[in-house]
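First the structure, in the form of structure tokens, and then the observations on it.
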Amino acid sequence: MPVLDGHAADDVRAAAEALRRGALVAFPTETVYGLGARADDGAAVGAIFAAKGRPADHPLIVHVTDAVAAAHFAPAPGGAATQLMARFWPGPLTLIVPRRADIAAAAAGGQDSIGLRAPAHPVAQALLRAAAALGVPGVAAPSANRFGRVSPTTAAHVAQEFGPTLTVLDGGACPIGIESTIVDCTRDPPALLRPGQLGAAAIEAALGGVRLRVPDGASPRAPGTLASHYAPAARLRLFDDARSLAAAWQSLTPQQRRAVAVYSRLAPEPGGMRAFRPLPAGADEVAHELFAVLRAFDDAGAGQIWVEQPPAGPDWDGVNDRLHRAAAA
Ligand code: TXA
Ligand code: MG
């Protein structure tokens, strides 16, 4: 049953049943596709680490229907986490909270905290509800890509990563397109571990004006914060502005230009490059298409990807974070 229809009730039930049995199921969320397994089954969770090639001490996010279901894994999440769940769940926000000691140790990578998220995507919600009805308390799911690679935002991307034998619940293209914002609520004040579409300012406002901490040495390990994460196969070069991109372009031979894919507001010339995609004006539009554009450039055989740096500013934090990591790889 490799590709299931996320909008067909029978297929959602089949996917939930597969999760119940301990099988892996990839599913859509509003951010990116996740590679899911029941969070309370150490062997099923182990299969995620094996499939991704991810080190076993890197914790996974556990997906739940809502704050009530979250209490199963974290009965005492603390005041800040409780406020953020009430304000932003379901939604693109992952909260790191103290874990109930006797549950989901493998999913948590052995840490005494756990990352929890209630996704808003209707297909994810339907799957989590159907699985819960079968006794599955939560679904551990990292992004459905091999370790260190670009996260998938369509079912086809997932199949590209893991081949046709993995069961994928297809819910179309993910609306947001970059991974959830992660806030570590085991510390006071909480720390922003990974920026996403939901911005720091909105989180700080929901907490009554508390300033979020920037991650430091005491913050938990989060591979999503490694400099080399989220990389396409081609080398990604980030230019400060269109002028510096155009200047670098002028210095290439026509043959060198044919190896370069360009993502910028204006093409440096009408043709001559491997591929060109116009950089949209809005941060949400760029986030939505970013990973698909990087994959398309890889698929087109680009040797290099040249990107014009989008504007600075809080709306762009998530996109700029992913671009800087991809450029550092
Ligand atoms: O949008 C998303 O968050 C997607 C969808 C599928 O929900 N998931 C995702 O998962 O991006 P993943 O595993 O690719 O990234 C999760 C990040 C990792 O950097 C992980 O280390 C961190 O969350 N994380 C999870 N649990 C943690 C914990 N207990 N302590 C610290 N970091 C944690
Ligand atoms: Mg990931």
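One-based numbering, in listed order, for ligands and for the atoms of each. This chain uses plain numbering: 1 for the first residue, then up along the sequence.
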Numbered atoms and elements of ligand 1 in range of [X], under 4.0 angstrom, heavy atoms:
X      : result
Gly34  : 6 (C)
Ile114 : 29 (N)
Ile96  : 26 (N), 27 (C), 28 (C), 29 (N), 30 (N), 31 (C), 32 (N), 33 (C)
Leu60  : 25 (C), 26 (N)
Gly115 : 26 (N), 29 (N)
His63  : 5 (C), 6 (C), 7 (O)

request  = Compute whether any side-chain donor of one residue and acceptor of the other, for Glu289 and Tyr263, lie under 3.5 angstrom apart.
outcome  =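 Note: Glu289 and Tyr263 side chains meet the donor-acceptor criterion.
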
inquiry  = Quiz question: by atom type and distance under 3.5 Å, do the side chains of Thr94 and Ser180 form a donor-acceptor pair?
reply    =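 Note: Thr94 and Ser180 side chains meet the donor-acceptor criterion.
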
key: Check ion pair Arg13-Asp10 (N to O, under 4.0 angstrom)   =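 Judged by the 4.0 Å cut-off on N to carboxylate O distance, Arg13 and Asp10 do form a salt bridge.
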
ask   = Do Glu179 and Arg117 meet the salt-bridge criterion of a basic N to acidic O distance under 4.0 Å?
value =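 Result for this pair is no, no salt bridge flagged.
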
Looking at [X], I'd like to know if its [atom1] atom is crowded, meaning that more than 12 non-hydrogen atoms belonging to other residues, nucleotides or ligands lie closer than 6.0 Å.
X      : atom1 : value
Arg237 : CZ    : yes
Arg146 : CZ    : yes
Leu134 : CG    : yes

ask   = Is the closest N or O pair between Thr31 and ligand 1 shorter than 3.5 Å?
value =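 Yes - when backbone and side-chain N and O of Thr31 are compared with those of ligand 1, one distance drops under 3.5 Å.
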
task = Give yes if a backbone or side-chain nitrogen or oxygen of Tyr33 is under 3.5 Å from a nitrogen or oxygen of ligand 1, and no if not.
result =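 No, no N or O pair falls under 3.5 Å.
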
query = Is there a side-chain contact between Trp249 and Arg257 (heavy atoms, below 4.5 Å)?
reply =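 Side-chain contact under 4.5 Å: yes.
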
query = Does ligand 1 have a heavy atom under 4.0 Å from the side chain of Arg194, from its backbone, from both, or from neither?
reply =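 Looking at Arg194 and ligand 1, just side chain atoms fall under 4.0 Å.
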
From [atom], work out which of [options] has a heavy atom at the shortest distance.
atom                    : options                        : answer
atom 22 (C) of ligand 1 : Thr186, Asp184, Leu193, Ile182 : Ile182
atom 18 (C) of ligand 1 : Arg117, Arg54, Glu179          : Arg54
atom 10 (O) of ligand 1 : Ser151, Gly196, Ser143         : Ser143

request  = Please step through side-chain contact (heavy atoms from CB on, under 4.5 Å) for the pair Leu35 and Phe162, ending with a clear verdict.
outcome  = CA-CA 10 Å; Leu35 179 62; Phe162 296 107; 3.9 Å; yes

key: Sub-4.0 Å heavy-atom contact, Ala108 with ligand 1   =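 For ligand 1, residue contact (heavy atoms, under 4.0 Å) with Ala108 is absent.
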
message = At a threshold of 2.8 Å, where the distance has to be below it, does the Mg ion (ligand 2) have an N, O or S atom of Asn145 nearby?
response =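 No.
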
